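If you're wondering where the values come from, they're calculated on a predicted model, not measured in any experiment. Reckoned from all heavy atoms, side chains included, excluding hydrogens, waters and symmetry mates. Letters A, B, ... are given to chains in the order of the sequence lines, protein chains preceding strands, and every chain is numbered from 1.
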Number of protein chains: 2
Amino acid sequence: MQNSFTEENYLKIIHALSGREGLEVSTNALAESTSTRAASVTDMLRKLAEKGLIHYKKYQGVRLTESGEKVAINVIRKHRLWEVFLVEKLGFGWDEVHDIAEELEHIPSDHLVERLDSFLGHPRFDPHGDPIPDAKGNLTEPDYLILTDVEIGEKVRMMGVLDHAPSFLQHLDRAGITLGCTLEIKEINEYDKSASVQIEDKQTLFISLEVSKNLLVQRR
Amino acid sequence: MQNSFTEENYLKIIHALSGREGLEVSTNALAESTSTRAASVTDMLRKLAEKGLIHYKKYQGVRLTESGEKVAINVIRKHRLWEVFLVEKLGFGWDEVHDIAEELEHIPSDHLVERLDSFLGHPRFDPHGDPIPDAKGNLTEPDYLILTDVEIGEKVRMMGVLDHAPSFLQHLDRAGITLGCTLEIKEINEYDKSASVQIEDKQTLFISLEVSKNLLVQRR
DNA sequence: AAAAAAATTTAGATTAACCTAAAAATTGAT
DNA sequence: ATCAATTTTTAGGTTAATCTAAATTTTTTT
Ligand SMILES: [Mn+2]
Ligand SMILES: [Mn+2]
Ligand SMILES: [Mn+2]
Ligand SMILES: [Mn+2]
């Protein structure tokens with residue numbers, strides 16, 4: 001039996017919320033992320049458990065089974081490949097692609113995904129810096145740091161974002177902060193923890209703590 | 001309110017069945033084409049009528065309203081553009097793309113369709129020779145002839161197919177009959193109405209009446 | 001113009017994915 | 001360890017899209 005659109009969304013969200021350690025995910029957290037009520041989540045969990053896609057015992061939270069993990073990673077692979085397509089081939093901005101990819105990720109042909117992957121040149125990362133699982137389902141999260149963990153004086157390379165909201169991405173565009181650019185922390189303001197950051201050895205500007213918390217970077 | 005996947009399929013099928021004269025379509029014909037039962041069709045017709053997408057009076061068959069026609073043509077536009085993408089960019093065969101396009105045609109972003117159209121270079125026809133409606137919803141069916149209407153000795157160009165079944169398309173591939181190729185009717189067999197046809201001034205082969213009935217061609 | 005056949009609609013159910021309100025289980029705070 | 005707060009589940013409903021079986025309308029044949 002095929003998994004529905006809705007089931008795939010649940011699996012993807014369970015994957016995201018359980019993090020790399022595969023922690024248990026709570027009913028309420030899922031209700032929040034799926035924009036449904038806890039009672040509806042319970043219904044769906046029973047169904048997913050019956051299909052062998054999650055481990056579920058009442059009141060104990062859920063984890064993906066191997067088979068559920070496989071489905072989730074495949075959906076993530078499709079989501080991220082389609083985002084690359086939209087940005088690289090169709091010229092969309094990185095702030096415009098999430099909702100469209102949210103639909104495209106449920107198109108079911110394996111043949112399609114593999115051809116799309118070739119057409120795009122087997123990209124390793126999506127337009128937000130997130131890694132793209134390979135055809136076998138291997139997904140390795142690179143361990144970047146968050147900008148708030150960088151010391152004054154350090155030069156880092158911008159590698160990804162934690163928040164994918166269009167408004168955040170547009171804010172970065174206006175500041176000239178793009179994937180791969182160089183950032184150097186000049187100073188950190190005691191009062192509000194905002195940072196003065198030099199971008200690409202050019203202009204220096206203030207970055208709020210809110211923004212710093214959502215920027216993934218790499219030492220260099 | 002948005003139209004569901006199912007509603008879009010009904011509208012597209014009503015469009016196809018009512019032909020260019022916009023004839024009434026019967027409940028049974030729709031049940032056949034949608035692979036559902038007549039009772040289910042009746043339910044859906046009531047809904048589509050309430051939304052103003054079809055003209056419907058009990059026992060009288062249906063026609064699309066202007067608004068329904070617009071939706072149907074937009075779905076057809078998306079279907080055919082995605083088919084061009086799959087063949088031209090991803091390298092699929094013309095026999096492989098229909099089912100995938102059947103899913104992609106329901107992805108809702110207008111912005112996406114217009115960018116896809118540009119990316120593909122505003123193609124006028126899909127891989128099966130079917131015309132692609134423009135962004136304003138204009139769809140002009142070229143008036144091709146069916147191969148059975150061509151006289152002995154005439155040279156024609158192959159412009160499209162009436163049957164889109166993979167098995168038929170593969171049969172044409174094996175015979176070397178592709179879109180745009182030249183065909184000359186050498187003779188017609190009295191017994192079974194099969195035709196001897198010369199393809200691209202090269203090999204001559206027999207084509208059954210069944211095949212001839214599904215080939216659209218143009219005099220030249 | 002009946003009667004028979006065919007097409008269509010209505011009636012009454014089912015399934016997936018949701019909901020609200022109430023009950024039960026777990027957690028956490030004294 | 002007990003009680004209150006929080007979380008989760010159960011109970012009972014709704015809506016969209018389907019179904020079968022029965023009723024009704026239209027069409028065709030005699
Ligand atoms: Mn996204
Ligand atoms: Mn992304
Ligand atoms: Mn098709
Ligand atoms: Mn086509």
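- In this structure, B:F5 atom CZ and C:dA16 atom C1' are separated by 16 Å, rounded to whole Å.
- A:R115 forms a cation-pi arrangement with B:F92, by the criterion of a distance under 6.0 Å to the ring centre and an angle within 45° of the ring axis.
- In this structure, NZ of B:K57 is placed 12 Å from P of D:dT26, rounded to the nearest angstrom.
- For the pair A:E114 and A:R77, the salt-bridge criterion is met [side-chain N within less than 4.0 Å of a carboxylate O].
- Atom pair A:L45:CG and D:dT7:P shows a separation of 16 Å (rounding to whole Å applied).
- Partners of B:N138 according to the side-chain hydrogen bond (donor to acceptor under 3.5 Å, both in side chains) rule, which considers only residues two or more places apart in sequence or in another chain, are B:D134.
- Salt bridge A:R20/A:E141: absent, no basic N to carboxylate O contact under 4.0 Å.
- Looking at residues 23-31 of chain A, you'll see A:S26, A:T27, A:N28 sit with a heavy atom under 4.0 Å from some atom of DNA chain D.
- For A:D95, there are no salt bridge (Lys or Arg N to Asp or Glu O under 4.0 Å) partners at least two apart in sequence or on another chain.
- Atom CZ in A:R37 sits about 14 Å away from atom P in D:dT7, given to the nearest Å.
- For the pair A:K89 and A:F119, the cation-pi criterion (under 6.0 Å, within 45° of the ring axis) is fulfilled.
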Kindly give the atom pairs (protein nitrogen or oxygen, nucleotide nitrogen or oxygen) under 3.5 Å for nucleotides 23-25 of chain C.
residue	atom	partner	partner atom	Å
C:dA25	O4'	A:Y59	OH	3.3

Go through it in stages, so that I can follow the logic: the residues are A:S26 and A:N28, the test is side chain to side chain donor-acceptor pair (under 3.5 Å), and I'd like the CA-CA distance, side-chain angles, deciding distance and then a yes or no. CA-CA 5 Å; A:S26 75; A:N28 268 353; over 6 Å; no

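- Checked against the 6.0 Å centroid criterion, the rings of A:H98 and A:H128 do not qualify as a close aromatic pair.
- For the salt bridge (Lys or Arg N to Asp or Glu O under 4.0 Å) test, residues two or more places apart in sequence or in another chain that qualify with A:E105 are A:K12.
- A distance of 11.5 Å separates CG in B:N189 from OG in B:S208, rounded to the nearest 0.5 Å.
- Taking atom OH of residue A:Y10 and atom C1' of nucleotide C:dA16, one finds them 12 Å apart after rounding to whole Å.
- To the nearest angstrom, C1' of D:dT10 lies 17 Å from CE of A:M44.
- In the displayed structure, B:K70 atom NZ is contacted under 6.0 Å by at most 12 heavy atoms of other residues, nucleotides or ligands.
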Per-nucleotide protein contact along nucleotides 10-15 of chain C, 5' to 3', at a 4.0 Å heavy-atom cut-off (B base, S sugar-phosphate only, - neither), is B-----

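- Atoms CG (B:N3) and P (D:dA16) sit 13 Å apart, rounded to a whole Å.
- Between A:E8 atom CD and C:dA16 atom C1' the separation is 15 Å, expressed in whole Å.
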